[in-house]
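Quick notes on the structure that follows.
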Amino acid sequence: MTEFFDTIVRVRYAETDKMGFVYYGNYYIYFEVGRVEYMRNKGIDYKQMEIQDDSFIVVAESKCRYRRPARYDDPLRIRTRVTEFKRRTIRFSYEVLHDETGELLASGETVHVVCDGHGKPKTLPEKYRRVFNVQTDLGTGNAQADVQTAAEISTPPRK
């Protein structure tokens, strides 16, 4: 199974509702924070991917399962990983945990279609496909990954 990449955030007051719980829609913002930091950790600058390669990862599907509420000032650990990759789609999986207690607060996933600046689906450029080189074990449905950073990809192999 692909390893998670962890990002820590702290719940801001503006993210809570009248009951003092994190408003449900904000979990999708946490997913985005985790996804962008996951990509950055793999050597992908999403902003440059859009500008230089006309490649956008558009959300086509999302889901979230809420288990326990997070509250103002709680430290949250957003765990992000790629669970499926195809030429034109990427599936990210997330867990949001209370960073001090380890309690699972929410889990979810997003499916993204790679598009150009006009919204037309396209194949993700090779330099990014190699970073998201995820292979699915057909017998179990589990994703296996050989994830490389962009720096590793651009470094020629040693002889």
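FYI, the numbering just counts along the sequence from 1.
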Hey, does the side chain of R71 reach the backbone of F21 with a donor-acceptor pair shorter than 3.5 angstrom?
-> no
Flag the pair V59 / V111 as yes when at least one side-chain heavy-atom distance between them is below 4.5 Å, and no otherwise.
-> no
Ring centres under 6.0 angstrom apart (F31, F92) = no
Do E61 and T110 come close enough that some side-chain heavy atom pair is under 4.5 Å?
-> no
If you take all heavy atoms of T80 and Y38, which pair is closest and at what distance?
-> O-CD1, 3.6 Å
Above 12 or not: heavy atoms from other molecules or residues under 6.0 Å from NZ of K122?
-> yes
If you round to the nearest 0.5 Å, how far is CD1 of I8 from CG of L97?
-> 9.0 Å
Would you please say whether a donor-acceptor pair under 3.5 Å links the side chains of E15 and Y72?
-> no
Considering only NZ, NE, NH1 and NH2 on the basic side and carboxylate oxygens on the acidic side, decide whether D74 and R10 come within less than 4.0 Å.
-> no
Scan E109, E32, R79, R35 and name whichever one has a side-chain hydrogen bond (donor to acceptor under 3.5 Å, both in side chains) with Y94.
-> R35
Looking just at side-chain N and O atoms, do R65 and S107 make a donor-acceptor pair shorter than 3.5 Å?
-> no
Exercise: identify the closest heavy-atom pair between A70 and V11 = CB-CG2, 4.3 Å
With the side chain counted from C-beta on, respond yes when Y128 and V114 share a heavy-atom pair under 4.5 Å apart, and no when they do not.
-> no
Taking atom OG1 of T89 and atom CG of L124, what is their separation to the nearest 0.5 Å?
-> 10.0 Å
Donor-acceptor pair, side chain of K42 and main chain of E37, under 3.5 angstrom = no
Considering all heavy atoms of both residues, which atom of I78 and which atom of G34 are nearest to each other, and what is their separation?
-> CG2-CA, 3.9 Å
Evaluate the side-chain proximity of K47 to I51: yes if any heavy-atom separation is below 4.5 Å, no if none is.
-> yes
So CZ of R67 and CD of E95: to nearest 0.5 Å the spacing works out to 8.5 Å
Please examine the side chains of C64 and Y24, heavy atoms only from C-beta on, and report whether any two atoms are closer than 4.5 Å.
-> no
Short question: side chain of D53, backbone of S55 - any donor-acceptor pair under 3.5 Å?
-> no
Would you say Y28 and V9 are hydrophobically clustered, going by side-chain heavy atoms of ILVMFWY under 4.5 Å?
-> yes
Test side-chain contact (heavy atoms from CB on, under 4.5 Å) applied to L76 and D99, step by step = CA-CA 5 Å; L76 304 179; D99 190 47; over 6 Å; no
Please report the C-alpha distance between E126 and R129 in whole Å, then the side-chain angles of each, then the deciding distance to 0.1 Å, and finally whether the salt bridge (charged side-chain N to carboxylate O under 4.0 Å, His left out) criterion is met.
-> CA-CA 5 Å; E126 175 65 22; R129 288 198 316 261; 2.5 Å; yes
Value for OG (S93) from NZ (K63), rounded to nearest 0.5 Å, stands at 9.0 Å
For the pair N26 (side chain) and I29 (backbone), establish whether a donor and an acceptor sit closer than 3.5 Å, ignoring hydrogens and angles.
-> no
Search all heavy atoms of T16 against all heavy atoms of Y13 and return the closest pair with its distance.
-> OG1-O, 2.7 Å
Are R40 and Y46 close enough that a side-chain donor and a side-chain acceptor fall under 3.5 Å?
-> no
Are H98 and L105 side-chain neighbours, meaning at least one heavy-atom pair lies under 4.5 Å?
-> yes
Are the side chains of F56 and D116 in touch, meaning some heavy atoms are under 4.5 Å apart?
-> no
Are H112 and R91 side-chain neighbours, meaning at least one heavy-atom pair lies under 4.5 Å?
-> no
Would you say I44 and V36 are hydrophobically clustered, going by side-chain heavy atoms of ILVMFWY under 4.5 Å?
-> no
Look at the side-chain heavy atoms of Ile, Leu, Val, Met, Phe, Trp and Tyr, link any pair under 4.5 Å apart, and say whether V113 and I57 land in one connected group.
-> no
Between E3 and R81, which heavy-atom pair has the shortest distance, and what is it?
-> O-CB, 3.6 Å
